[in-house]
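These numbers were taken from a predicted model, which means no experiment stands behind them.
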Amino acid sequence: MGDLIGELWDRSTTTQPPPHIAIVAVLGVLALLVVGSPSGYRLIRHGVTVLHEAGHGFVALLVSRRLSGIRLHSDTSGVTVSRGRSRGPGMVATMLAGYPAPALTALAATVLLNAGYAVGLLWAAVALSAAMVLFVRNIYGLGVLLAISIPVALASWVLPAVALSALAHLLVWTLLLAAPRSVLELAAQRRRVAARGGREMTSDAAQLAHLTGLPAPLWVALLFLATALCSVGGGFLLLA
């Protein structure tokens, strides 16, 4: 076991040369095609939801709330339940963390990629999935985490460094592009509910409106601005 851990550490802390900038750009276009297609986005959306709920959970722990559990659903939605004060800055921060989490994670990942730690980034994704297993409370959610972590772990173990660097760049591109789309999806959902004469009350934006008194459309706009800025900044760093 010690030899295995040492091997994983060596792989994760060894740098790999980044792909040529033209390849990085091509990978960005490929990610755009995947995120832009309904079937491709639905597949990527599971990973976005994992990071979304991880963001809620991490901030909940950070503000001393008790994290009760996370559930991931087949329709790509998720729920994070934490216990503590029902109002106040801690609850607002917990609710606010979800949508920006994938974009902020991808932005931080670009820094690792530019430093040459593509394999380290992939193993960090595996470690995050393993940590979330402790908090996920449904079978489907466990299946999602396994479906993400096992292929990434196998690829990180068997593929050459050049391929792993390209894979890491592709995954980061998809997160950068999918994060703002998830906010646009939220806005579209709210419009559909309003068109039917209803009032959407369960989304993060609606709950933030309830907690702060600020209108939900303003929160949707702020969430989109935050994710879009991360996407632009991350794309610039990948291509710089």
Side-chain angles (χ1 to χ4, degrees), residues 18 21 23-59 62 75-78 80 92-115 121 124-125 128 148 168-194 200 202-212 214-240:
I21 188 172
I23 296 177
V24 174
V26 169
L27 292 171
V29 173
L30 179 59
L32 180 62
L33 293 175
V34 171
V35 173
S37 69
S39 57
Y41 176 68
R42 182 174 177 81
L43 182 63
I44 296 301
R45 187 72 169 84
H46 286 288
V48 174
T49 300
V50 168
L51 290 173
H52 179 114
E53 302 305 329
H56 283 313
F58 176 74
V59 173
L62 201 63
D75 63 354
T76 72
S77 66
T80 298
V92 172
T94 299
M95 292 305 308
L96 186 59
Y99 280 97
L104 290 171
T105 301
L107 183 61
T110 61
V111 177
L112 288 177
L113 289 180
N114 284 346
L121 175 61
L128 173 62
I148 292 173
H169 279 77
L170 178 61
L171 292 177
V172 171
W173 269 122
T174 56
L175 279 180
L176 287 172
L177 296 170
R181 176 168 178 176
S182 67
V183 183
L184 294 177
E185 192 178 50
L186 167 64
Q189 176 190 347
R190 290 181 54 81
R191 287 196 299 270
R192 288 193 297 268
V193 173
E200 192 275 313
T202 61
S203 70
D204 291 2
Q207 294 188 57
L208 284 166
H210 173 71
L211 290 168
T212 64
L214 298 176
L218 176 60
W219 285 111
V220 174
L222 291 174
L223 291 171
F224 179 76
L225 179 62
T227 55
L229 287 175
C230 288
S231 297
V232 172
F236 176 79
L237 289 175
L238 289 177
L239 295 171

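Heavy atoms only, all atoms of each residue included: L113 and A168 are closest at CD2-CB, 3.6 Å. A103 and A179 make their closest contact through CB-CB, 3.7 Å (heavy atoms, listed as atom of the first residue, atom of the second, distance). Taking every heavy atom of both residues into account, S37 and G40 meet most closely at OG-N, 3.1 Å. Here the shortest heavy-atom pairing between V48 and A178 reads CG2-CB, 3.7 Å. The two residues A101 and L51 have their closest heavy-atom pair at CB-O, 3.4 Å.
Remark: I23 CD1 to L170 CG distance equals 12.5 Å, nearest 0.5 Å. Summarising the geometry, atom CG belonging to D204 is positioned 9.0 Å from atom OG1 belonging to T80; distances are rounded to the nearest 0.5 Å. Here I44 contributes atom CD1 and R42 contributes atom CZ; the two are 13.0 Å apart, rounded to the nearest 0.5 Å. Note: L222 CG to Y99 OH = 14.0 Å, rounded to the nearest 0.5 Å. The distance from atom OG1 of T110 to atom CH2 of W173, rounded to the nearest 0.5 Å, is 10.0 Å. Atom CG in L27 sits 12.5 Å away from atom CG in L32 (nearest 0.5 Å).
With sequence neighbours excluded, the residues satisfying side-chain hydrogen bond (donor to acceptor under 3.5 Å, both in side chains) with S203 are E200.
Judged by distance alone, with hydrogens and angles left aside, the side-chain atoms of Q207 form a donor-acceptor pair with the main-chain N or O of T202 at under 3.5 Å. Remark: side-chain polar atoms of S231 are paired, donor with acceptor, to backbone N or O of L176 under 3.5 angstrom.
The list of salt bridge (charged side-chain N to carboxylate O under 4.0 Å, His left out) pairs with a residue in residues 179-188, not counting sequence neighbours, reads R45-E185.
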